[in-house]
*Asks:* 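Input: one structure, supplied below.
Every value quoted in this text rests on a predicted model; they were computed, and no experiment measured them. The basis for the numbers below is simple: all heavy atoms, side chains too, and nothing from hydrogens, waters or symmetry mates. For ligands, and for the atoms within them, numbers begin at 1 and follow the listed sequence.
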Amino acid sequence: MKIVVALGGNALGKNAQDQLNLVYKTAKPLVDLIEEGHEIVIVHGNGPQVGMINLAMEETNNDIPFPECGAMSQGYIGFHLQTAIQSELKSRRILKSVATIITQVIVSETDQAFKNPTKPIGKFYSKEDVPSLEAKGYTMVEDSGRGYRRVVPSPLPVDIEEKEMIFTLINSGNVVITCGGGGIPVVRDGFKLKGVPAVIDKDNAAMLLAKMIDADYLVVLTAVEKVAINFGKDNEEWLDNLSTEKAKEYIKEKHFAPGSMLPKIEACIKFAESTPERKALITSLDKAKAGLMGLTGTIIK
Ligand code: ADP
Ligand code: MG
């Protein structure tokens, strides 16, 4: 099967060294899927990493814009993932190349998200710093009594600029890492593309990519083995199968936390509803293979 895998934060660790150790562990269940005969395309998150880069740039007064910070995070996360996956493939005598694509994802300038930035990024500032930051064009908000933070919009992905390249690489049997951190958000400006300070949700970008490459499965790998209703409560119930209709009811009943499980469920619904054959799976990294065999995880169809 052709599968788009969306890797969560737990696959990458807390800092660069931690990540370089962890990716070798992350590579094993991914290569298991390749060994099973699946074609996989990998999308990953970048929240902590892009935050770290952005912070380092601010601390050293380097005016590196946010989209560039995103590109840097795609670069080094991709480097770690591709080196680990490549070595795991070699150890199993599987001949395949792994490549990371610096990916630009087109968003719409008229996306409502630009009117209402919600994603906090970077460090906390004091009230005195706010006017000069706002003069730089930043939107600053008070973050629950802890100080002021910059917020950026989270627009929907519309198109993937490097899609033809991605198709070509996949179709010639390579393992592709793309749309890291949801992709670098860009808007069209005549023949040019212009990076915008925003964060695209990686689960949504993975969903768009999965539709574009006509994948059979969208597999969201995160910290939990299954999706629950009444999550964390006494009457918590883990789900094996979830129809898109039922999922929409559960969204209305607020079973899924915004910013964590909710975007995953929404992405899975959109993918599963796009054709009758397409299915989505939410499970943990170590259960990916078992999940695809129908042994665990939550399947959305
Ligand atoms: P990722 O880095 O993989 O995107 P997130 O932290 O954003 O991870 O989202 C996954 C987390 O969502 C789980 O670890 C879990 O704590 C939380 N979560 C919120 N609501 C639910 C739910 N209804 N069922 C399962 N997990 C949930
Ligand atoms: Mg997340």
*Asks:* Gly259 near ligand 1, heavy-atom distance under 4.0 Å?
*Replies:* yes
*Asks:* What I want to know is whether Ile229 and ligand 1 share at least one N or O pair that is separated by under 3.5 angstrom.
*Replies:* no
*Asks:* Check for me whether Arg146 meets the cation-pi criterion with Phe124, that is, NZ or CZ under 6.0 Å from the six-membered ring centre and within 45 degrees of the ring axis.
*Replies:* no
*Asks:* Would you say the side chains of His255 and Glu253 form a donor-acceptor pair under 3.5 Å?
*Replies:* yes
*Asks:* Is there a donor-acceptor contact under 3.5 Å linking the side chains of Glu58 and Tyr125?
*Replies:* yes
*Asks:* For the residue pair Ser154 / Thr118, report whether a side-chain donor-acceptor contact shorter than 3.5 Å exists.
*Replies:*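 No, Ser154 and Thr118 have no side-chain donor paired with an acceptor closer than 3.5 Å.
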*Asks:* Please determine if Lys264 has a nitrogen or oxygen closer than 3.5 Å to a nitrogen or oxygen of ligand 1.
*Replies:*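 Checking ligand 1 against Lys264, an N or O pair does fall under 3.5 Å apart.
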*Asks:* Let's go through Asp111 and Ser108 carefully: what are the C-alpha distance in whole Å and the side-chain angles of both, what is the deciding distance for side-chain hydrogen bond (donor to acceptor under 3.5 Å, both in side chains) to 0.1 Å, and is it a yes or a no?
*Replies:* CA-CA 5 Å; Asp111 193 306; Ser108 162; 6.0 Å; no
*Asks:* For ligand 1, which atoms sit closer than 4.0 Å to a heavy atom of Ala223?
*Replies:*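 It comes down to these atoms of ligand 1: 14 (O).
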*Asks:* Could an N or O of ligand 1 be found under 3.5 Å from any N or O of Ala228, whether backbone or side chain?
*Replies:*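 Min N/O separation from ligand 1 is below 3.5 Å for Ala228.
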*Asks:* Using a 4.0 Å heavy-atom cut-off, say whether Lys202 meets ligand 1 through its side chain, its backbone, both or neither.
*Replies:* side chain
*Asks:* Looking only at N/O atoms, are Trp238 and ligand 1 under 3.5 Å apart anywhere?
*Replies:*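 No, there is no polar N/O contact under 3.5 Å.
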*Asks:* For ligand 1 and Asp203, I'd like to know whether there is a polar contact (N/O to N/O, distance under 3.5 Å).
*Replies:* no
